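Here's the structure we're looking at; comments come further down.
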Amino acid sequence: MESKADGASIRRSFRTLRYVPEESKDKVISDEDVLGTLLKVFQALFINDFNKQSDILTMLPEPVKSKYQDLLSVQHPRVKLLEYRHHQQSIFKPEEILYKTLGFSVAQATSSLISAGKGVFVTKGLVPKGAVVSMYPGTVYQKYEPIFFQSIGNPFIFRCLDGVLIDGNDKGISKVVFRSCNGRDRLGPLKMSDSTWLTSEFHNPLAVGQYVNNCSNDRPANVCYQEFDVPAVFPIELKQYLPNIAYSFDKESPLRCVVLVALRDIKQGEELFSNYYTIVS
């Protein structure tokens, strides 16, 4: 795969393929578990930001509104859905929502590797083995789509097993392309993806996977990559938190996402290190 390499090896080496041994499995956890985690986090983010969701709510069918009324009533009994914005006393930061929902939070910081630049750390709590710990954001390209200019000097291109590419660069032409696709696919107030990972104000606190450094002999992997296709039944109101978007609008192809899954328990303060291939325990 093409992804962020550790330390000075970014300049010295060229890793272009993701290697999965024949005897291994690509799925560490099931797609159902991945979907369940994303829905749990995204619903919590949606509820937390409810005072800004009124335009979206007017476009949703009554059963969906009722679902959120039920979720909201757990936190704020006797408060009606459309009155929530008048009763909301405080808004939690996205990383706080992640901690309250999954029991841990992650964030970018200076890597512990010399000259590696940024890395991703567990800033609070404990990441249990098998947990989805982050997502790899970016524009998704099918293997037949052009990515030459975006790829020049770009160490953030992830190659999936089937040749699909994800450009996780948050600068330059890559940033322009993502913003353009994000605006193209928007349906009124309904956003089909989250572009805030391109800024310093993340709406989805999991969207930091492109800054996870690759493992080395003295820094063994504690997370691995896992591909996940977003199902057609994914709630439309929660797509605003998906940090991926297709380069070409294609209703027939599901949106490809890549998550990072914990290979072991990861404690507060530890940096995340990924492997180039799937490890089977």
Side-chain angles (χ1 to χ4, degrees), residues 1-6 15 17-21 23-42 44-45 94-95 97-99 101-108 111 119-138 140 156 158-162 164 166 168 194 197 202 204-216 219-231 234 241-244 254-281:
M1 79 186 161
E2 297 173 89
S3 64
K4 187 169 182 284
D6 54 281
R15 295 185 176 94
L17 294 176
R18 181 184 180 196
Y19 172 64
V20 179
E23 67 274 11
S24 73
K25 301 176 183 177
D26 185 46
K27 302 290 186 181
V28 176
I29 60 176
S30 69
D31 284 346
E32 290 74 17
D33 288 339
V34 175
L35 177 61
T37 296
L38 297 186
L39 291 178
K40 185 177 182 180
V41 174
F42 291 1
L45 292 169
E95 58 269 26
I97 293 298
L98 182 61
Y99 176 72
T101 305
L102 299 184
F104 64 85
S105 59
V106 293
Q108 298 178 28
S111 175
V120 177
F121 292 79
V122 178
T123 54
K124 190 176 181 181
L126 172 73
V127 179
K129 179 180 178 180
V132 174
V133 68
S134 63
M135 303 180 70
Y136 200 102
V140 181
F156 294 98
F158 183 98
R159 185 182 189 277
C160 296
L161 293 174
D162 58 359
V164 169
I166 301 180
D194 171 31
W197 66 275
F202 289 17
N204 176 0
L206 291 172
V208 293
Q210 81 277 35
Y211 282 108
V212 174
N213 282 293
N214 292 311
C215 65
S216 60
R219 304 295 177 93
N222 51 19
V223 298
C224 70
Y225 299 100
Q226 180 166 318
E227 299 169 19
F228 171 74
D229 287 340
V230 178
F234 196 89
Y241 301 110
L242 287 171
N244 299 97
L255 178 67
R256 175 65 51 80
C257 289
V258 170
V259 299
L260 285 93
V261 180
L263 293 170
R264 61 169 175 81
D265 291 350
I266 308 173
K267 299 178 181 178
Q268 179 174 324
E270 285 193 69
E271 183 173 358
L272 304 184
F273 292 102
S274 63
N275 61 348
Y276 292 106
Y277 53 88
T278 300
I279 294 177
V280 179
S281 56

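Keep in mind it's a predicted model, so treat the numbers as computed, not measured. Excluded from the calculations below are hydrogen atoms, water molecules and symmetry mates; all remaining heavy atoms, backbone and side chain alike, are included.
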**OP:** For N213 and F273, indicate whether the former's side chain and the latter's backbone hold a donor-acceptor pair under 3.5 Å.
**Re:** no

**OP:** Could I get the full list of side-chain contact (heavy atoms from CB on, under 4.5 Å) partners for Y99, not counting sequence neighbours?
**Re:** S105, K124

Original post:
Is a donor on one side and an acceptor on the other found under 3.5 Å between the side chain of Q108 and the backbone of V208?
Top reply: no

Original post:
Which atoms form the tightest heavy-atom contact between L161 and E227, and what is the distance?
Top reply: N-OE2, 2.8 Å

**OP:** Could you tell me the separation between the CD atom of E270 and the CG atom of L126, rounded to the nearest 0.5 Å?
**Re:** 9.0 Å

**OP:** Give the ring-plane orientation class for Y211 versus F156, where under 30° counts as parallel, over 60° as perpendicular and anything between as tilted.
**Re:** perpendicular

Subject >> Sidechain-backbone polar pair: E271 side chain, S111 backbone, donor-acceptor under 3.5 Å >> reply: no

Original post:
Out of V122, L260, V127, which one pairs with L272 under the side-chain contact (heavy atoms from CB on, under 4.5 Å) rule?
Top reply: V122

Subject >> Rounded distance (nearest 0.5 Å) linking atom CG of D194 with atom CG of N204 >> reply: 6.0 Å

Original post:
How long is the gap from CG on L206 to OG1 on T101, to the nearest 0.5 Å?
Top reply: 9.5 Å

**OP:** Check salt bridge (Lys or Arg N to Asp or Glu O under 4.0 Å) between D265 and all other residues, then give those that pass, not counting sequence neighbours.
**Re:** none

**OP:** For F228 and D31, work out which heavy atoms get closest and say how close.
**Re:** CE1-O, 3.5 Å

Subject >> By salt bridge (Lys or Arg N to Asp or Glu O under 4.0 Å) - contacts of R219 (at least two apart) >> reply: none

**OP:** Considering non-hydrogen atoms only, spot the tightest contact between V132 and V259 and give its length.
**Re:** CG1-CB, 3.9 Å

Subject >> Heavy-atom closest pair, residues S134 and V212 >> reply: OG-CG2, 4.3 Å

